[in-house]
Structures are given as C-alpha cells and as structure tokens.
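Model, not experiment: these values are computed from the prediction. A note on names: the letters A, B, ... follow the listed sequences, proteins ahead of strands, and every chain is numbered from 1.
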Amino acid sequence: MNRRELLKGAALAVSGLTFGSSLLTDVFAVELADAPPPKKPYEEALKEITGGKAVTDSDKVKLIAPEIAENGAVVPVTVEVELPIEQVKAIHILADKNHNARTMSVEFTPANGKAYISTRIRLAESMNVVAIAQLADGSFIKAQKPVKVTIGGCG
Amino acid sequence: MPKTAMVKIDPKDYKKDDLIKVNTVIMHPMDTGLVKDKESGKYIAAYYITDVEVYYGDEKITTMKLSGSVSANPFISFYVKATKTAPLKIVWKDNKGDVTEKVIDINVG
Amino acid sequence: MKLKGKLLLFGALALASAFGVNKAISQEAGQAISEEDLALYKTGINPGEVFAQEVGGKLFNTPMGKSNKSCASCHSEEKLKKVVGTYPKYNEKLNAVISLQQRIQMCQKLNQGVENPFPLKSEENTALLTYLKYIASGEKINVDTSSNPVVKEYYDYGKYVFELKRGKRNLSCQSCHEYAAGMVLRMQKLNPLGHEFNGIKGTTAAAHWPGYRMTQSKVVTIEQRFQQCMSQASMKVLPLGSKEMVALELYVTSLANGATIEAPGLVR
C-alpha cells in the first residue's frame with residue numbers, strides 16, 4: 001500500500017465516512033522526478049507541425065485572447081477558422097515562450113460542423129499566442145496575438 | 001482511477017442539424033513537470049491529460065493532443081453538428097494511463 | 001514648523017508624489033485587464049462548479065456519524081438556500097456570531113453525531129460550504145448587523161479589524177480596498193468590497209465567495225482569502241474561525257447586503 005492510500009485510509013477512518021476516494025482531489029504525496037521534461041522551443045514545435053512548410057498569416061484565423069491576462073495560470077484562448085469545416089483538418093495552439101511551445105492540437109472531422117476550439121492555457125510570461133490552422137489541401141495559415149502576463153498586485 | 005468531469009451542451013433546445021456547443025471540464029492537476037518540490041529539491045513529475053477523443057455514436061469525430069501548458073482542471077469547448085440521435089462520448093487520457101469517460105445523449109427527435 | 005508637522009507634511013508629500021509618479025511615468029503599470037477581456041473568462045465552465053456539485057453535493061447526501069444521516073435527510077435545499085445569505089449569524093446556543101462553516105461543524109457534531117467534524121481548513125468543509133453557496137445562487141446576501149448587542153459587538157469589531165493598520169507595511173484592509181480603490185497595483189485593479197466606495201464600483205465580494213482561485217487551481221473560502229491577503233500585505237495571518245476572522249467576515253459580508261449570490265466565483 002503506497003503512502004497515498006495509507007493516508008487516505010487513515011483520514012476516512014477518523015471521520016467515520018466511507019465514500020469513494022474519487023470525491024476528493026489528490027492532496028497527498030505526489031510523484032517526484034529527477035529532471036524536468038525536455039524543452040520544446042517554438043521553432044521545433046513549428047517544424048513538428050508544418051514539416052518546414054511555409055505558414056502564411058490569414059485573417060480567416062480568428063484568435064481571441066486577452067490583451068492582458070489576469071494571471072498566467074489560466075488564459076482563455078479561442079480559435080475559429082472561418083472556412084467550411086471540410087477544408088480545415090486541424091488547429092494547433094502554440095505559446096512561443098513556454099518551455100513546451102505546443103499547448104493543444106485539435107483534429108476535426110466534418111461532424112464537428114465548425115472549426116472552433118476554446119480552452120484555457122498557461123503562459124509562463126508575456127509572449128505571443130499563435131494559432132495555426134492546418135488545411136485539407138496541405139497548406140498552413142495562422143494568426144497570432146501578444147498577451148501580457150501580470151504578476152498581479154495581491155498574490 | 002477516473003477523474004470527475006462535467007459536460008454541458010448549449011443550447012439545450014437544439015434541433016436536427018443544429019450546431020451545438022459542447023463545454024467540458026475535467027478535474028486534473030495538469031502538473032507540467034517543471035515545478036520543484038521544495039523539500040526534496042526534485043521536480044514534481046509531469047502528470048497531465050495527453051489525449052482527448054470525442055465519439056459520436058460509433059464514429060470518432062475529434063482528436064485532441066494536450067501538453068502540460070494547458071491550465072489545471074482544463075476547460076475545452078468545441079462544436080458538433082447534431083445530425084443524429086446517438087450518444088456523444090468524451091474520453092480523456094492522461095500520461096499515467098488514467099482514463100475518464102463522460103457520455104451525454106444527443107437527441108434530435 | 002514643528003517636527004511632527006514637518007514629518008506629516010513630508011509623509012503626505014511622499015505619498016502624494018508616489019501615487020503621482022506612478023500615474024505619470026508608468027503608462028504600462030497603470031494598465032489593468034479590461035472588462036471585455038475579463039468577460040472571456042466567464043464564457044466557460046467554472047471548475048468550482050464541478051467541485052460544488054461533485055464533491056460538496058455528494059458530501060451533502062452522504063450519511064455520516066452515529067446518526068448515519070446525511071445533511072439532505074433533514075434539510076430541504078429549497079428552505080436551506082434561503083438561510084445561506086444570512087451568515088455569519090447570531091447563534092443562541094453559543095451566544096456568539098458564527099460563520100456558515102462553523103454552523104456546518106455544529107450540525108455535524110450535534111445533529112449527525114460526528115465525533116470529529118471536518119476542520120475549517122479541510123477540503124470537505126470547504127466543499128460543503130461551496131455547495132450551500134452554490135444552491136443559494138440567486139438569493140440575496142442579507143446579514144443582520146444590529147438586532148442584538150452581541151451582533152452589534154461583532155459588527156463593530158469586524159469594522160475595527162478591517163480598518164486597523166498592522167504589520168511591516170502598516171497596511172489595513174481599508175488601505176487598498178477603500179483609500180486606494182480605483183488605482184492599479186501591479187496591473188491589477190483595486191476594488192472596494194461592497195457595492196461602491198467614493199463613486200468607485202465595488203465587487204460585493206461576499207456574494208461570489210467561496211471562489212475558484214485560478215492561481216491555486218482550487219476553491220478557496222472567503223476567510224482563507226482574507227488570510228492570503230493578509231500574508232501578501234505582510235500582516236500576521238488571523239486564524240480561521242477566530243472571533244476576529246468571523247467579525248471581519250460579518251463586516252465584509254454586510255458590505256454586500258442586497259447583492260445576489262453567484263457562487264462559486266471565478267477569481268484570480
């Protein structure tokens with residue numbers, strides 16, 4: 001029995017409750033690693049996605065992100081490609097100064113109806129958020145936006 | 001051990017062939033692997049959702065790949081064209097092999 | 001001019017120039033997140049809502065203690081949600097004002113027969129509180145501040161704690177949330193905690209706490225937020241559930257009287 005289970009068992013016994021441990025988030029010991037994961041800088045991430053092909057700026061890629069993000073842990077990002085869904089294969093969201101510049105890649109099918117994705121990403125510092133649309137004809141188009149990440153006044 | 005997740009469809013009163021928005025949240029720490037543990041000096045190991053798959057009936061309609069750069073307790077929203085009455089299943093997988101599934105029925109009458 | 005007068009004048013000038021300088025040189029520093037950008041955060045699902053329903057809601061329906069009864073077995077949510085906005089509230093048994101979190105503990109001990117109620121800092125107590133505030137969304141904050149001498153004492157004490165300057169930086173809650181309200185502190189706007197102050201719109205904070213703190217990826221109670229604020233302002237942190245904290249909670253909640261509860265909130 002690992003430390004996590006032992007502590008959970010003890011806590012439950014004390015409180016006299018018996019409910020599934022999925023009710024509480026993991027608050028006990030976490031796994032440790034000797035080294036951080038390898039860095040994936042923007043250029044490498046871009047190459048991974050495009051294979052070296054050219055990416056052109058396009059106003060068909062609508063990227064919505066705040067100008068100033070209230071905090072770096074949760075930054076709302078929405079990408080919509082204004083082309084028929086059959087023409088859009090995937091959307092890739094990159095953050096050019098993050099340790100791993102790739103954040104999310106979404107592959108669509110016509111069943112989605114719309115090439116749209118909205119999510120929340122982490123930004124380590126002020127940087128550009130880049131949305132790359134991979135089109136069915138093999139080409140790539142993009143839009144980008146600089147997002148300022150603040151330290152914040154009160155923690 | 002599956003995680004807690006929530007799926008909401010908007011609008012609630014959709015008709016056949018409408019574009020419906022699927023909003024999802026799954027409770028997951030999304031540890032990047034870059035944060036140091038103060039006591040040991042080691043790193044808190046990377047622990048995050050890597051794949052999200054969306055099935056409409058039997059067909060896989062969307063595939064997503066995530067990195068630790070996605071916020072904790074990730075919110076992901078996408079569209080589905082409500083062409084048929086079938087269950088919509090969302091599957092989240094993390095880098096430790098944990099799988100969470102959530103099914104919501106799409107009913108076009 | 002006497003020395004005291006000189007010091008006061010110097011202090012006032014320093015303060016004025018500090019604020020003036022900040023406004024003048026840092027065009028960047030004076031910026032804060034815009035209303036439209038803030039609205040982007042609201043378009044998703046608040047993870048706090050998942051916490052409220054899945055963790056809090058499940059606990060609410062879990063039988064506990066010697067009685068083996070759940071909260072739900074005695075409490076109808078329809079009736080319960082009307083009472084949530086009246087806390088912190090006077091309790092006759094204890095002849096004191098208590099917070100909703102403490103009332104949950106009381107219920108566990110006296111009515112459910114739980115040997116050790118969930119501690120105030122526990123995730124379980126926070127989850128139950130969040131669930132109660134969540135089902136009360138739509139109701140109004142309506143705390144009593146004057147109906148009996150004990151309540152009056154707590155209200156006055158809470159106001160005193162709010163206005164008392166403490167710690168290394170000689171700051172009080174009032175320093176940022178009233179005197180400096182409307183100004184920007186490291187790209188974050190400082191807001192009054194009630195409806196408004198000096199013409200500056202407030203956040204009616206108590207109406208949307210507990211809140212999911214994005215920087216901590218978890219739901220935090222208002223008293224815990226007070227502790228985090230105090231720590232940031234270099235003040236000694238007051239213990240959860242202490243008379244000072246409950247009085248402060250009563251005072252800050254009273255500032256939001258009349259506001260509609262919308263919990264859990266989504267906060268930085």
Please classify the contact of [X] with chain A as side chain, backbone, both or neither, using a heavy-atom distance under 4.5 Å.
{"X": "B/Lys21", "result": "side chain"}
{"X": "B/Thr32", "result": "both"}
{"X": "B/Ala72", "result": "both"}
{"X": "B/Ser40", "result": "side chain"}

Using non-hydrogen atoms and a 4.5 Å limit, figure out which bit of [X] sits close to chain B: side chain, backbone, both or neither.
{"X": "A/Ala73", "answer": "backbone"}
{"X": "A/Ala35", "answer": "backbone"}
{"X": "A/Val77", "answer": "neither"}
{"X": "A/Asn98", "answer": "side chain"}
{"X": "A/Arg102", "answer": "backbone"}

**Prompt:** Does NZ in A/Lys62 sit with more than 12 non-hydrogen atoms of other residues, nucleotides or ligands closer than 6.0 Å?
**Reply:** yes
**Request:** Select, from B/Asp31, B/Leu19, B/Leu34, the one with the greatest count of heavy-atom pairs under 4.5 Å involving chain A.
**Result:** B/Leu34
**Prompt:** Counting heavy-atom pairs under 4.5 Å to chain A, which of B/Ala82, B/Ser77, B/Gly41, B/Gly68 comes out on top?
**Reply:** B/Ser77
**Item:** Selection from A/Asn112, A/Leu123, A/Ile85 maximising heavy-atom pairs under 4.5 Å formed with chain B
**Value:** A/Asn112
**Message:** Let's test your reading of the structure: which of A/Ala90, A/Gly113, A/Ser118 forms the most heavy-atom pairs below 4.5 Å with chain B?
**Reply:** A/Ser118
**Message:** I need the minimum non-hydrogen distance between B/Thr100 and B/Lys3, along with the two atoms involved.
**Reply:** OG1-N, 2.8 Å
**Item:** Closest non-hydrogen atom pair between B/Ser71 and B/Met30, with its separation
**Value:** O-CG, 3.5 Å
**Prompt:** Just checking, is any N or O donor in the side chain of B/Ser69 or A/Asn100 under 3.5 Å from an acceptor N or O on the other one?
**Reply:** no
**Asked** Is the backbone of B/Tyr48 close enough, under 3.5 Å, to the side chain of B/Asn95 for a donor and an acceptor to pair up by distance?
**Response** yes
**Message:** Given 3.5 Å as the limit, does a donor-acceptor pair link the side chain of A/Ser105 with the main chain of B/Lys65, or not?
**Reply:** no
**Asked** Parallel, tilted or perpendicular for B/His28 and B/Tyr47, by the 30°/60° rule?
**Response** tilted
**Side chain proximity check, B/Asn73 to A/Val74, heavy atoms < 4.5 angstrom** = no
**Request:** Please say which of B/Lys93, B/Lys102, B/Lys89 ends up in a salt bridge (charged side-chain N to carboxylate O under 4.0 Å, His left out) with B/Glu53.
**Result:** B/Lys93
